[in-house]
Amino acid sequence: MQEEAITGRPAVAAVAAADFEMELCKVEGSGPAAKLGIDVDSGAGSAMLVITDIREGLVSQWNDQNPECHVELGDYIVEVNGIRGSPAKLKAECKASRALRIGICRAPHRVPASAPPA
């Protein structure tokens with residue numbers, strides 16, 4: 001596991017405002033357009049989901065088509081279709097709905113732990 005020091009934003013225990021929103025639509029079947037293609041972690045006491053992996057799927061397609069506001073590892077999902085505040089509810093909405101409006105809060109600036117403080 002690579003160690004990182006996080007700087008630039010306060011702790012994320014409270015739900016932050018989204019930096020941008022993605023509108024995605026899952027299709028029936030088993031191809032890339034049928035899944036988001038991300039792994040998330042809810043973290044203890046958090047009101048949001050942290051994106052821990054991006055694979056083939058709708059989010060990677062979004063990134064290809066929207067380089068100015070692409071999703072990165074460590075970004076936070078803070079809202080799904082108007083639902084906020086509960087990681088379990090965010091996950092459930094992502095699984096249950098085909099049409100998704102997902103609010104993303106940009107990850108804090110990450111600096112390798114070995115870097116000198118600014």
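Atom CD1 of Ile38 is separated from atom CD1 of Ile54 by 7.5 Å, given to the nearest 0.5 angstrom. One finds the CG atom of Leu90 at 7.5 Å from the CD1 atom of Ile77 (value rounded to the nearest 0.5 Å). In this structure, CD1 on Ile83 lies 7.5 Å from NZ on Lys89, to the nearest 0.5 angstrom. In this structure, CE on Met48 lies 11.5 Å from CD on Glu79, to the nearest 0.5 angstrom. To the nearest 0.5 Å, atoms SG (Cys105) and CG (Leu49) are separated by 12.5 Å. For the atom pair CG (Asp39) and CZ (Arg55), the distance works out to 4.0 Å, reported to the nearest 0.5 Å.
The two atoms that bring Arg106 and Asp19 nearest to each other are N-OD2, 2.5 Å, heavy atoms only. Residue Ser46 comes nearest to Ser42 through the heavy atom pair CB-O, 3.0 Å, listed as atom of the first residue, atom of the second, then distance.
Under the 4.5 Å side-chain heavy-atom criterion for ILVMFWY residues, no single connected hydrophobic cluster contains both Val27 and Met22.
Inter-residue side-chain proximity for Leu100 and Leu36 is flagged as met; some heavy-atom pair is nearer than 4.5 Å. Residues Arg84 and Val78 meet the side-chain proximity criterion, which asks for heavy atoms closer than 4.5 Å.
Side chain of Arg98 to main chain of Lys26: a donor-acceptor pair is present (N/O by atom type, distance under 3.5 Å, no hydrogens or angles). Using modelled atom types, one side-chain atom of Asn81 and one backbone atom of Arg101 make a donor-acceptor pair closer than 3.5 Å.
Asp64 meets the salt bridge (charged side-chain N to carboxylate O under 4.0 Å, His left out) test with no other residue; sequence neighbours excluded.
Of the listed residues (Val71, Ile102, Asn66), just one forms a side-chain contact (heavy atoms from CB on, under 4.5 Å) with Phe20, and that residue is Val71.
Atom CD of Glu56 sits in a sparse spot, with 12 or fewer heavy atoms from other residues, nucleotides or ligands closer than 6.0 Å.
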